[in-house]
Amino acid sequence: MAITHTERSAFGDAMAVLSAVVFAVVGLAWGLGSPDPAMAFHGWVFTAAAAIAAIYVLSQMFKDRVPDSSGYLDGPIRFAVLASVFWGIAGFLVGDLIAWQLAFPALNLDLPWTSFGRLRPLHTSAVIFAFGGNVLLATSFYVVQRTTHAKLLGHWAPWFVIYGYNVFILVAGTGYILGITESKEYAEPEWYADLWLTIVWVVYLVVFLGTIMKRREPHIYVANWFYLAFIVTIAMLHIVNNLAMPISLFEPKSYVLFGGVQDAMTQWWYGHNAVGFFLTAGFLGIMYYFIPKRVERPVYSYRLSIIHFWTLIFLYIWAGPHHLHYTALPDWVQTLGMTFSIILWMPSWGGMINGLMTLSGAWDKLRTDPVVRLLVVSVAFYGMSTFEGPMMSIKAVNSLSHYTDWTIGHVHSGALGWVAMVSFGAIYCLVPWLWKRKALYSIRLVEWHFWISTIGILLYITSMWVSGIMQGLMWRAYDKLGFLSYSFVETVEAMHPYYIIRATGGGLFVLGSLIMAYNLWRTIRGDESVDAAEQPRVAAAPELRLQPAE
């Protein structure tokens with residue numbers, strides 16, 4: 001006998017409550033049983049998060065579910081958009097604080113919780129995984145529904161993905177401040193946080209794949225291929241790189257499976273592909289949907305987008321060893337990583353050209369629509385970063401650039417110029433669509449955001465380029481007797497003015513994000529647009545006219 005919609009909803013509600021109870025019990029066991037105060041605190045965080053989830057589900061069980069007017073499931077997407085703005089500002093602020101700490105070390109305050117060593121992973125995780133991750137969750141759930149004409153699989157599963165992911169962010173971030181870390185770049189959370197993220201990520205994959213499988217469109221749009229590659233590959237990278245044995249189920253400390261050069265190779269196979277698939281493939285999915293949608297033009301070359309996809313995902317996975325030049329890693333592995341990094345330049349620029357040329361016939365929008373400008377400038381930064389990265393992977397260049405601020409400038413040209421700018425553009429598109437507003441509160445504030453952030457980025461990356469190249473040249477300078485010409489302290493002293501410029505640029509970037517948050521708050525609140533006559537005409541949010549089969 002077929003299960004009715006009501007029975008299926010009741011079953012889903014019951015399973016959601018049961019899952020929350022199980023996670024609450026686990027958290028309670030850690031809270032009461034762990035001798036480590038930090039892990040005990042995290043146990044109570046899990047308990048509180050599970051209790052809140054259970055109460056919310058119970059409160060919805062006896063209410064009539066009013067579907068979104070769009071016909072899609074947009075509630076989790078709204079939550080992720082708001083979370084991305086919150087975590088973005090928090091991450092940018094912490095990043096600017098530690099930039100000032102490098103210029104003026106007294107700002108560490110001689111406290112363990114405010115030291116550079118603890119705040120630096122808090123900054124990287126907040127910006128990459130909290131801000132960027134929530135943007136990817138929001139856009140992927142939005143895009144997969146609109147391009148498949150299918151509602152997200154399940155009702156509580158998408159909510160679990162968004163809510164559970166942000167619980168992970170909270171646990172990981174507070175863990176860094178409290179001194180809990182695996183000391184692995186971009187993979188600092190300890191075993192229990194990693195395990196929780198694995199559960200969330202598997203549900204994410206099931207929801208995304210399940211939505212594609214029940215699609216009403218026969219074709220799978222290219223953005224979904226990029227999102228799918230990001231989800232699957234990050235799952236593989238996360239699991240392998242975080243294989244570890246905890247010393248106890250009630251202790252945060254664990255020992256990783258690998259050691260020595262194997263550990264280094266596994267870490268940078270993970271680290272570089274976290275950049276390649278989290279910060280590149282996922283955000284290319286944003287590019288391939290939001291630029292055509294905003295300018296109301298088809299993708300310049302759909303065939304090129306498919307070539308871009310397959311070459312990128314094949315080549316990127318091999319490039320990690322270029323992080324380990326001149327180390328104990330076998331020389332042939334270093335050369336392999338360098339070779340694939342150089343080849344990677346070609347498909348990356350193919351994607352950049354495809355994104356830019358999508359504006360064919362709509363170039364005037366660069367002048368009239370600052371949201372388009374954010375999206376297009378982000379693609380330009382993508383092109384610049386994907387040229388600079390392969391160049392820096394060449395051993396002769398790497399011998400100068402590695403361990404210097406040049407690398408910091410390169411990373412932030414991609415992180416701020418590409419990832420953050422394309423995210424800002426997507427958020428500016430999503431908020432009016434998701435909250436059913438005719439326009440943004442102020443397009444002029446978007447203009448201010450664009451220029452302030454762009455100036456901030458340019459100050460940041462140019463200061464780090466100059467600082468890094470100077471740093472590398474000073475390190476390799478010798479006098480006539482073969483002694484080093486400069487001590488390490490002298491190189492640090494020479495970099496001081498550039499650190500001040502870098503921190504100033506970061507401050508401008510924070511200011512731009514605060515302007516964005518104010519603009520979005522006024523838009524969501526429903527305030528009348530202050531410059532409606534100046535707002536460009538943009539495509540309306542797609543709606544599901546026919547309700548999908550349940």
Side-chain angles (χ1 to χ4, degrees), residues 88-109 114-128 131-132 176 185-186 275 279 377-378 380-382 384-385 387-389 391-392 397-398 400-421 423-424 448-475 486 488-516:
I89 292 172
F92 303 149
L93 278 170
V94 173
D96 196 46
L97 171 60
I98 61 176
W100 286 109
Q101 284 182 344
L102 287 174
F104 303 101
L107 293 174
N108 282 261
L109 305 179
T114 56
S115 65
F116 181 90
R118 292 194 183 182
L119 292 183
R120 192 264 177 179
L122 179 66
H123 160 64
T124 55
S125 289
V127 172
I128 297 172
F131 168 65
Y176 303 149
E185 183 75 342
Y186 307 138
V275 174
L279 297 177
V377 167
S378 76
F381 272 106
Y382 170 67
M384 182 181 71
S385 299
F387 171 78
E388 186 183 27
M391 180 184 68
M392 293 173 72
V397 180
N398 195 267
L400 173 68
S401 71
H402 209 44
Y403 307 117
T404 72
D405 286 341
W406 186 356
T407 303
I408 309 303
H410 165 65
V411 167
H412 283 80
S413 69
L416 301 180
W418 158 237
V419 171
M421 295 289 252
S423 298
F424 294 153
W448 276 97
H449 179 199
F450 170 78
W451 285 111
I452 290 172
S453 294
T454 300
I455 293 169
I457 293 169
L458 293 176
L459 285 174
Y460 192 116
I461 62 179
T462 52
S463 64
M464 289 297 95
W465 285 337
V466 174
S467 172
I469 294 172
M470 177 190 69
Q471 187 181 12
L473 291 173
M474 290 179 74
W475 284 350
Y486 303 98
F488 180 77
V489 171
E490 287 176 303
T491 66
V492 174
E493 183 183 17
M495 293 186 299
H496 185 258
Y498 302 104
Y499 278 14
I500 295 176
I501 296 171
R502 186 255 295 268
T504 302
L508 289 175
F509 197 83
V510 173
L511 177 60
S513 67
L514 291 172
I515 291 172
M516 178 188 71

Rounded to the nearest 0.5 Å, how far apart are NE2 of His449 and CE of Met421? 7.0 Å
Got a sec, which pairs hit side chain to side chain donor-acceptor pair (under 3.5 Å) with one end in residues 407-419, sequence neighbours left out? Ser385-Ser413, Glu388-His410, His412-Tyr460
Gln471 side, atom CD; Leu473 side, atom CG - distance, nearest 0.5 Å: 10.5 Å
Within the structure provided, determine whether Phe92 and Asp96 are in side-chain contact (heavy-atom separation under 4.5 Å). no
Ile461 side chain reached by Trp406 side chain, heavy atoms, under 4.5 Å: no
Rounded to the nearest 0.5 Å, how far does CD1 of Ile98 lie from CG of Leu107? 12.0 Å
With distance as the sole test, does Ser378 use its side chain to make a donor-acceptor pair with the main-chain N or O of Gly417 at under 3.5 Å? no
Other residues, nucleotides, ligands: >12 heavy atoms within 6.0 Å of Glu493 CD: no
Could you grab the distance from atom CG of Leu458 to atom OG of Ser463, nearest 0.5 Å is fine? 10.5 Å
Nearest heavy-atom contact between Pro121 and Tyr176 is O-CE1, 3.5 Å
Specify the closest pair of heavy atoms between Ile89 and Ser513, including all atoms of both residues, with the distance to one decimal. CG1-OG, 3.8 Å
Going from OH on Tyr498 to OG1 on Thr462, what distance comes out if it is rounded to the nearest 0.5 angstrom? 10.5 Å
Where do Tyr499 and Asp405 land on the side chain to side chain contact (heavy atoms under 4.5 Å, CB included) test, with the steps shown first? CA-CA 10 Å; Tyr499 278 14; Asp405 286 341; 2.9 Å; yes
CZ of Phe116: more than 12 outside heavy atoms within 6.0 angstrom? yes
Step-by-step side chain to side chain contact (heavy atoms under 4.5 Å, CB included) determination, Thr454 to Phe509: CA-CA 8 Å; Thr454 300; Phe509 197 83; over 6 Å; no
Which pair of heavy atoms, one from Gly505 and one from Leu459, lies closest together, and at what distance? CA-CB, 3.9 Å
Let's go through Met516 and Phe450 carefully: what are the C-alpha distance in whole Å and the side-chain angles of both, what is the deciding distance for side chain to side chain contact (heavy atoms under 4.5 Å, CB included) to 0.1 Å, and is it a yes or a no? CA-CA 9 Å; Met516 178 188 71; Phe450 170 78; over 6 Å; no
Which atom pair, heavy atoms only, marks the closest approach of Ala126 to Gly91? CB-CA, 3.6 Å
Distance (rounded to the nearest 0.5 Å) between Leu102 CG and Leu97 CG: 10.0 Å
Using every non-hydrogen atom in the two residues, find where Gly95 and His123 come nearest and quote the distance to one decimal. CA-ND1, 3.1 Å
Is the shortest heavy-atom distance from the side chain of Met470 to the side chain of Trp465 under 4.5 Å? no
Walk me through it: do Phe488 and Trp475 pass the test side chain to side chain contact (heavy atoms under 4.5 Å, CB included)? CA-CA 8 Å; Phe488 180 77; Trp475 284 350; 4.1 Å; yes
Does a side-chain heavy-atom distance below 4.5 Å link Ile469 with Thr404? no
Heavy atoms only: give me the nearest Val94-Leu119 pair and the separation to one decimal. CG1-O, 3.6 Å
Residues which pass salt bridge (charged side-chain N to carboxylate O under 4.0 Å, His left out) with Glu490, listed by chain and number, not counting sequence neighbours: none
Taking atom CH2 as the centre, does Trp100 end up with more than 12 heavy-atom neighbours from other residues, nucleotides or ligands that are less than 6.0 angstrom away? yes
